[in-house]
Enquirer: 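One structure, as structure tokens, below. Some questions next.
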Amino acid sequence: MIESRYQPSEVEPRIYVAWEDAGAFRAERPERAKAEPYCIVIPPPNVTGSLHMGHALNNTLQDILCRFERMRGRDVLWQPGMDHAGIATQAVVERQLMERQQPSSREMGREAFIKRVWEWKAESGGTIISQLKRLGASCDWSRERFTMDEGLSRAVLKVFVALYREGLIYKDKRLVNWDPKLKTAISDLEVQQVESKGQLWHIKYPIEGSGEFIVVATTRPETMLGDVAVAVHPENERLKHLIGKNAILPLVGRRIPIIADDYADPEKGSGAVKITPAHDFNDFEVGRRHGLPLVNIFDAAAHLTLKNNDAFLKDAHPEANLLESLDGKSREAARKWIVEQLQSQGLIEKTEPTTHVVPHGDRSGAVLEPYLTDQWYVDAKTLAQPAMTAVREGKTVFVPPQWEATFFNWMENIQPWCISRQIWWGHQIPAWYGFTRVGTTTLTTSDDELIVAETENEAVDLAEAYYKTPVVVLKSSSDVIPWIEKFQSGKPLDVHPIIRDPDVLDTWFSSALGPFSTLGWPDQTPELKRFYPTSTLVTGFDIIFFWVARMMMMGLHFMKEVPFHDVYIHALVRDERGQKMSKSKGNVIDPLAVIDEYGADALRFTLAAMAAQGRDIKLSSQRVEGYRNFATKLWNAARFTEINGCARDSAFDPRKVQETLNRWIAHETASTADQVTTAIRAYKFNDAAGAIYRFVWNVYCDWYLELIKPVLTGPDGAAKSETRAAAVWALDQILKLLHPFMPFVTEELWRVTGAGRETLLALSDWPSLEGLGDAQAEAEIGWVIDLITSIRSVRAEINVNVALPLAMIKVGDHVWGRAQRWSEFIKRMAKISSVNRIPIPKPGTLQLIVRGEIVGLELAGLVDLAAERARLTKELAKCDADIARVDAKLGNPNFVARAPEEVVEEEKEKREEALTRKAKIAEALQRLEGAE
RNA sequence: GGGCGGUUAGCUCAGCUGGUAGAGCGUCUGCUUUACACGCAGAAGGUCGGAGGUUCGAGACCUUCACCGCCCACCA
């Protein structure tokens with residue numbers, strides 16, 4: 001016996017185990033060897049992560065597609081994976097060390113630290129997997145991959161070396177976005193522009209040999225220590241006379257030229273702009289154009305470094321206390337000190353508040369510095385070309401299509417991708433350096449001694465061939481020290497040291513390979529052959545640049561084919577203020593709490609029902625509650641069939657049903673199956689969810705189950721047994737159609753109602769119900785429904801509850817036949833005592849029009865004649881309005897001439913209907929007058 | 001500054017290639033109708049942000065304005 005309430009918390013874990021035990025999610029099941037493959041590679045969640053609402057939406061949609069295609073008989077591989085998330089994970093572990101007052105990463109050293117991260121991964125890396133399982137994700141977990149596992153790491157190294165050898169990866173010294181908190185370079189995409197309030201200081205720089213000043217404006221006075229010029233626009237009438245002169249940099253005493261450059265916008269700031277090439281991207285370009293020196297004043301933590309700074313000290317005559325006061329200080333402290341000094345010297349012309357955007361690191365939140373370092377870059381521009389071509393040619397399609405524009409916009413302006421990170425957790429760059437000479441404190445390298453190889457052994461071989469001596473691989477930078485002396489001695493070395501680049505790759509570098517690396521590449525595995533290119537990528541628009549574009553580039557370069565045919569871009573689930581949810585903001589809504597309260601099915605259905613293309617989702621718990629109720633409704637419908645002895649009949653054929661009600665439900669079921677199938681195939685998850693919802697609740701439960709009650713409680717016979725079988729058949733179709741959206745409750749019902757089932761619902765066949773359309777049954781039952789609805793409506797309006805006789809007034813044989821056939825049903829559902837055919841209604845009959853026929857509710861003394869006349873008059877007026885509207889259209893010669901014929905016909909039919917209806921109402925009204 | 005999206009019932013949102021506005025929740029009225037009160041039956045509620053235009057006809061198309069949001073660029 002089925003319980004009256006569905007209990008998700010009891011059922012869901014059990015059902016998931018049943019799926020796993022049956023291997024239901026395994027790809028390449030033997031019986032599907034000849035089936036068409038379908039593959040989705042999961043956007044790999046961070047290994048440190050836990051499920052947030054974005055994951056819930058993303059994976060619900062993927063799961064709907066996978067379950068749908070699996071039921072349609074395809075060989076489905078939903079390839080799961082996890083991302084090592086370099087910076088994020090390293091930060092988590094470092095914070096943990098700090099909280100536990102254990103040795104810091106620096107103190108324990110690289111090797112020990114990485115070991116520690118692996119331990120953390122082993123400990124908590126499974127969290128997100130178990131959470132995805134709670135959501136119902138039907139991934140093939142037997143194939144789970146991790147970006148740092150052996151195979152994927154091999155893919156990373158191979159790709160790096162190949163691109164390097166093709167000249168598509170290179171090392172370059174230029175300004176990068178530097179995170180002084182994490183002390184690493186980051187890519188342009190990891191920069192968050194944050195609008196913030198600041199000050200704009202106008203500073204007077206004395207002009208050499210005159211009492212004049214040139215005024216520059218800056219929001220960052222501390223960078224003046226690195227100024228090497230002042231730029232003025234060549235056509236700046238007010239200032240161009242100063243071009244060619246020199247200014248003396250206050251506090252520093254450096255003599256800097258006043259140069260002409262278009263970059264100096266006369267409208268901005270003071271019209272003259274200080275040039276600090278080592279600390280500003282624009283100034284860097286100006287500096288290069290004018291051959292200016294680079295004066296870097298910061299260390300990796302963005303603390304001022306002045307004392308041993310050759311570039312700074314050259315040509316400088318710093319004021320007495322400057323070095324002592326500033327060396328080692330933070331940017332903020334330096335700013336304060338410098339402003340005070342300038343103020344006391346009267347060199348600040350004015351200060352004004354300003355709003356400007358300041359770049360922040362998206363991970364650390366720190367204010368970034370443009371910083372001059374050696375980094376590795378990918379030539380993204382070259383790789384982008386085939387990716388753009390593939391999208392233009394429709395080999396990869398964005399859904400909804402407007403995201404194509406976003407994709408192109410970025411790809412057309414793509415910049416070199418900085419892939420090196422100065423952290424430890426990640427794929428260490430497979431590059432080794434040999435040494436040529438001695439710098440101040442370390443050995444230094446030159447470009448021709450850079451060795452890139454997939455393995456250390458290969459690197460050693462290459463180095464030995466180059467040096468023609470044996471080679472020793474140093475393990476850490478401190479190992480360099482003993483070699484300094486050997487180099488200084490000037491004697492030829494009989495053994496050469498090499499050392500591996502300490503940097504690791506951007507996490508997205510390994511993610512970019514996902515579609516082929518998770519399938520086994522570089523090995524030519526059967527999976528790779530079968531499932532690449534994958535079918536669909538499902539992801540949020542926030543990672544189109546980070547991930548989608550880069551997968552396109554890498555996939556096309558290494559596999560010569562697009563990584564996926566369709567890219568479905570879904571909305572972001574936002575918080576109540578419309579803010580993007582993110583861990584760092586701490587505004588995440590926990591989907592697991594929602595699952596605990598309402599069940600995974602309710603959450604999934606809510607997300608699917610709200611996943612209209614091109615719009616963000618703001619989740620409301622009321623909505624989830626509504627869909628939890630929906631699951632209960634379905635549950636009780638199944639319970640109803642069970643109670644009424646509706647058993648599965650394997651011989652049941654929906655094409656051969658006799659009873660009109662059963663023909664009708666077959667018709668409706670087929671129509672729903674068609675709608676759901678079409679909608680899912682078009683990625684219109686909300687339409688699909690809406691179609692099945694309406695069918696279950698408003699058709700199957702509200703009408704079909706109610707209408708068959710008289711049959712089920714009636715005498716045994718062919719009609720009853722057919723109806724029992726049909727009710728269960730329709731329920732089975734519902735379970736199937738709903739399964740991709742609500743896998744748990746449907747699978748459980750499938751089990752509970754399923755004596756003699758051969759497979760799990762997850763592996764059953766998707767309904768294929770062509771040819772079940774039945775216009776005649778539809779018309780007949782439609783009439784019954786209309787009649788019952790009309791009676792109920794008017795009954796509620798006049799607030800009469802007792803059973804009443806129903807009079808079919810002056811109806812034709814056809815309608816009378818229907819009335820007789822359905823009288824039992826009408827009596828039951830509309831609370832009617834008897835159904836009679838009469839020519840003239842008795843006095844006190846309330847008359848209503850149903851599909852052009854007058855039916856009467858015999859109220860005897862209960863009817864209020866005045867109220868009834870008012871009601872009919874109102875209906876008549878409404879009818880007149882309808883006729884007037886249609887007449888206006890049909891009376892317009894333009895309409896008749898220009899509108900399509902079928903539209904005109906439709907209007908004419910409407911007119912006919914309205915006229916008939918009007919006549920009937922008039923008739924009823926007239927009769928009423930007579931009665932009075 | 002460049003681009004994109006939004007503005008529809010009290011709330012959250014649907015509305016496909018133009019043909020007299022829909023759902024869920026909420027509200028109101030009435031229901032122990034033997035599957036379900038996480039329910040049943042009914043009802044109220046919208047000049048579809050403003051203004052122009054195209055069209056026989058516009059919530060849907062065009063122009064423009066207003067407000068909200070997002071992405072990209074920009075430390076003068």
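Below, chain A is the first sequence line, B the second, and so on; all start at residue 1.
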Enquirer: Kindly say if A:W697 contacts the phosphate of B:rC38, meaning a side-chain N or O under 4.0 Å from OP1 or OP2.
Expert: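 Checking A:W697 against B:rC38: no side-chain N or O falls below 4.0 Å of OP1 or OP2.
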Enquirer: To the nearest Å, how far apart are A:E907 CD and B:rG57 P?
Expert: 14 Å
Enquirer: Answer with base, sugar-phosphate or nothing: what part of the nucleic acid does A:F408 contact at a heavy-atom distance below 4.0 Å?
Expert: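 No contact.
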Enquirer: Under 30°, 30 to 60°, or over 60°: which ring-plane class applies to A:F630 and A:W697, parallel, tilted or perpendicular?
Expert: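 A:F630 vs A:W697 ring planes: parallel.
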Enquirer: Could you tell me the Watson-Crick or G-U partner of B:rA51, where both distances fall under 3.5 Å? Say none if there is no partner.
Expert: B:rU63
Enquirer: Once you round it to whole Å, what is the distance between P of B:rU33 and CZ of A:F825?
Expert: 21 Å
Enquirer: Under 6.0 Å from the six-membered ring centre of A:W635 and within 45° of its axis: does the NZ or CZ of A:R5 meet both?
Expert: no
Enquirer: Using a cut-off of 4.0 Å on non-hydrogen atoms, how would the nucleic acid contact of A:S793 be classed: base, sugar-phosphate, or nothing?
Expert: sugar-phosphate
Enquirer: Can you work out whether A:V886 or A:G626 has the more 5'-proximal nearest nucleotide on RNA chain B?
Expert: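 Its nearest nucleotide lies further toward 5', so the answer is A:V886.
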Enquirer: Could you tell me the separation between the CD atom of A:E706 and the P atom of B:rA35, rounded to a whole number of Å?
Expert: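 So the CD-P distance, A:E706 to B:rA35, works out to 8 Å.
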Enquirer: B:rA35, OP1 or OP2 - any side-chain N/O from A:K709 closer than 4.0 Å?
Expert: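 Yes, such a contact exists.
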Enquirer: Send over the distance from A:Q622 CD to B:rU12 P, rounded to a whole Å.
Expert: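 A:Q622 atom CD is separated from B:rU12 atom P by 11 Å.
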Enquirer: Return no unless some side-chain N or O of A:N629 is found under 4.0 Å from OP1 or OP2 of B:rG39.
Expert: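 It does, given that an N or O in the side chain of A:N629 lies less than 4.0 Å from OP1 or OP2 of B:rG39.
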Enquirer: Determine the contact category for A:R628: base if any of its heavy atoms lies under 4.0 Å from a base atom, sugar-phosphate if only primed atoms, P, OP1 or OP2 are that close, otherwise nothing.
Expert: base
Enquirer: With respect to the phosphate group of B:rC40, does any side-chain polar atom (N or O) of A:K633 fall under 4.0 Å of OP1 or OP2?
Expert: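 Yes, because at least one side-chain N or O of A:K633 sits under 4.0 Å from OP1 or OP2 of B:rC40.
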Enquirer: Given the C1' atoms of B:rC16 and B:rA58, what is the spacing between them in whole Å?
Expert: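 Looking at atom C1' only, B:rC16 and B:rA58 are 16 Å apart.
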Enquirer: Under 4.0 angstrom, heavy atoms only, what part of the nucleic acid is A:V903 near: base, sugar-phosphate, or nothing?
Expert: base
Enquirer: When you get a sec, tell me which of B:rU12, B:rG42, B:rA35 is the closest nucleotide to the side chain of A:M610?
Expert: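 Nearest to the side chain of A:M610 among the choices is B:rU12.
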Enquirer: Is the distance between the ring centroids of A:Y205 and A:F213 under 6.0 Å?
Expert: no
Enquirer: Please give, in whole Å, the distance from B:rC72 C1' to A:E412 CD?
Expert: 13 Å
Enquirer: How far does the C1' atom of B:rG22 sit from the matching atom of B:rU29, given to the nearest Å?
Expert: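 Roughly 23 Å separates the two C1' atoms.
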Enquirer: Determine the contact category for A:T406: base if any of its heavy atoms lies under 4.0 Å from a base atom, sugar-phosphate if only primed atoms, P, OP1 or OP2 are that close, otherwise nothing.
Expert: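 Nothing, no nucleic acid heavy atom in range.
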Enquirer: Looking at the side chain of A:F541, which of B:rC74, B:rA35, B:rC70 is the nearest nucleotide?
Expert: B:rC70
Enquirer: Heavy atoms from C-beta onward define the side chain here; which of B:rA35, B:rA76, B:rA41 lies closest to that of A:A637?
Expert: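 Side chain of A:A637 sits closest to B:rA35.
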Enquirer: Counting only N and O atoms by type, is there a donor-acceptor contact under 3.5 Å from the side chain of A:Y700 to the main-chain atoms of A:A727?
Expert: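 Confirmed, A:Y700 side chain pairs with A:A727 backbone.
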Enquirer: Under 4.0 Å, counting only non-hydrogen atoms across every strand here, what does A:E625 touch: a base, just sugar-phosphate, or nothing?
Expert: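 Nothing, no nucleic acid heavy atom in range.
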Enquirer: Counting any heavy atom closer than 4.0 Å, what does A:Q193 reach on the DNA or RNA strands: base, sugar-phosphate only, or nothing?
Expert: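 Base contact - A:Q193 has a heavy atom under 4.0 Å of at least one base atom.
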Enquirer: Say we look at B:rG24 and B:rA44: how far apart would their P atoms be, to the nearest angstrom?
Expert: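 15 Å, rounded to whole Å.
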Enquirer: Students often get this wrong, so: under 4.0 angstrom with heavy atoms, is A:P900 touching a base, only sugar-phosphate, or nothing?
Expert: base
Enquirer: Is a side-chain donor or acceptor of A:T789 paired with a backbone partner of A:I785 at a separation under 3.5 angstrom?
Expert: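 Yes; at least one donor-acceptor contact below 3.5 Å.
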Enquirer: Please check if the number of heavy atoms outside A:K181 that lie under 6.0 Å from its NZ is greater than 12.
Expert: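 Counting neighbours around NZ of A:K181, 12 or fewer heavy atoms of other residues, nucleotides or ligands fall under 6.0 Å, so no.
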Enquirer: May I ask you to say what A:Y693 touches in the nucleic acid, namely base, sugar-phosphate or nothing, with a heavy-atom cut-off under 4.0 Å?
Expert: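 Counting heavy atoms under 4.0 Å across all strands, the contact made by A:Y693 is with sugar-phosphate only.
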Enquirer: Tell me which nucleotide, if any, is Watson-Crick or G-U wobble paired with B:rC16 when both distances must be under 3.5 Å.
Expert: none
Enquirer: Counting the atoms with a prime plus P, OP1 and OP2 as sugar-phosphate, which does A:W201 contact under 4.0 Å by heavy atoms, base, sugar-phosphate, or nothing?
Expert: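 No contact.
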Enquirer: Rounding to an integer number of Å, can you tell me how far A:N644 CG sits from B:rC36 P?
Expert: 11 Å
Enquirer: On a whole-Å scale, what distance lies between the P atoms belonging to B:rU32 and B:rU17?
Expert: 48 Å
Enquirer: Using whole Å, report how far CD1 of A:I569 lies from P of B:rG5.
Expert: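 A:I569 atom CD1 is separated from B:rG5 atom P by 15 Å.
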Enquirer: A:E905 CD to B:rG57 C1': how many Å, rounded?
Expert: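 One finds 18 Å between C1' of B:rG57 and CD of A:E905, rounded.
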Enquirer: Hey, which of these two, A:H202 or A:R694, hits RNA chain B nearer its 5' end, going by closest nucleotide?
Expert: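 Nearest-nucleotide comparison on RNA chain B picks A:R694.
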Enquirer: Can you tell me if A:H279 uses its side chain to pair, donor with acceptor, with the backbone of A:P277 under 3.5 Å?
Expert: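 Such a contact is absent between A:H279 side chain and A:P277 backbone.
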Enquirer: In whole Å, what separates the C1' atom of B:rU8 from that of B:rC68?
Expert: 16 Å
Enquirer: Would you indicate, yes or no, if B:rC38 has its OP1 or OP2 atom less than 4.0 angstrom from a side-chain nitrogen or oxygen of A:R5?
Expert: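 Checking B:rC38 against A:R5, a side-chain N or O does come within under 4.0 Å of OP1 or OP2.
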Enquirer: With a 4.0 Å cut-off, would you call A:K336 and A:E332 a salt bridge?
Expert: no
Enquirer: Expressed in whole Å, how much space separates the P atoms belonging to B:rU54 and B:rU47?
Expert: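 That atom pair is separated by 26 Å.
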Enquirer: Pick the P atom in B:rG10 and in B:rC72, then give their distance to the nearest Å.
Expert: 36 Å
Enquirer: Counting only Watson-Crick pairs (N1-N3 plus N6-O4 or O6-N4) and G-U wobbles (N1-O2, O6-N3), all under 3.5 Å, who is the partner of B:rC70?
Expert: B:rG3
Enquirer: So what's B:rA35 paired with, Watson-Crick or G-U wobble, going by both distances under 3.5 Å?
Expert: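 Here B:rA35 is not engaged in any pair, so there is no nucleotide opposite it.
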Enquirer: Considering only B:rA76, B:rC36, B:rG42, which nucleotide approaches the side chain of A:Y263 most closely?
Expert: B:rA76
Enquirer: Just compare B:rC74, B:rA76, B:rC38 and give me whichever is closest to any side-chain atom of A:T632.
Expert: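 Among the listed nucleotides, the one closest to the side chain of A:T632 is B:rC38.
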Enquirer: Assess, by modelled atom type and distance only, whether the side chains of A:N636 and A:Y6 contain a donor and an acceptor separated by less than 3.5 Å.
Expert: no
Enquirer: Describe the nucleic acid contact of A:D882 in one word from base, sugar-phosphate, nothing, applying a heavy-atom distance below 4.0 Å.
Expert: base
Enquirer: Just say parallel, tilted or perpendicular for the rings of A:F545 and A:W410, cut-offs at 30° and 60°.
Expert: parallel
Enquirer: What integer number of Å spans the C1' atoms of B:rU55 and B:rG42?
Expert: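 Comparing C1' positions in B:rU55 and B:rG42 gives a spacing of 40 Å.
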Enquirer: Base, sugar-phosphate, or nothing for A:D280, non-hydrogen atoms under 4.0 angstrom?
Expert: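 If one applies the 4.0 Å heavy-atom cut-off, A:D280 turns out to touch the sugar-phosphate alone, with no base involved.
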Enquirer: How is A:N409 classified with respect to the nucleic acid when contacts are heavy atoms under 4.0 Å: base, sugar-phosphate, or nothing?
Expert: nothing
Enquirer: Just call it for A:A682: base, sugar-phosphate, or nothing, with non-hydrogen atoms closer than 4.0 Å on any strand.
Expert: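 No contact at all - A:A682 keeps every heavy atom at 4.0 Å or more from the nucleic acid.
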Enquirer: Tell which nucleotide pairs with B:rG24, taking only Watson-Crick or G-U wobble pairs whose two distances are both under 3.5 angstrom.
Expert: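 B:rC11 - that is the nucleotide pairing with B:rG24, both distances being under 3.5 Å.
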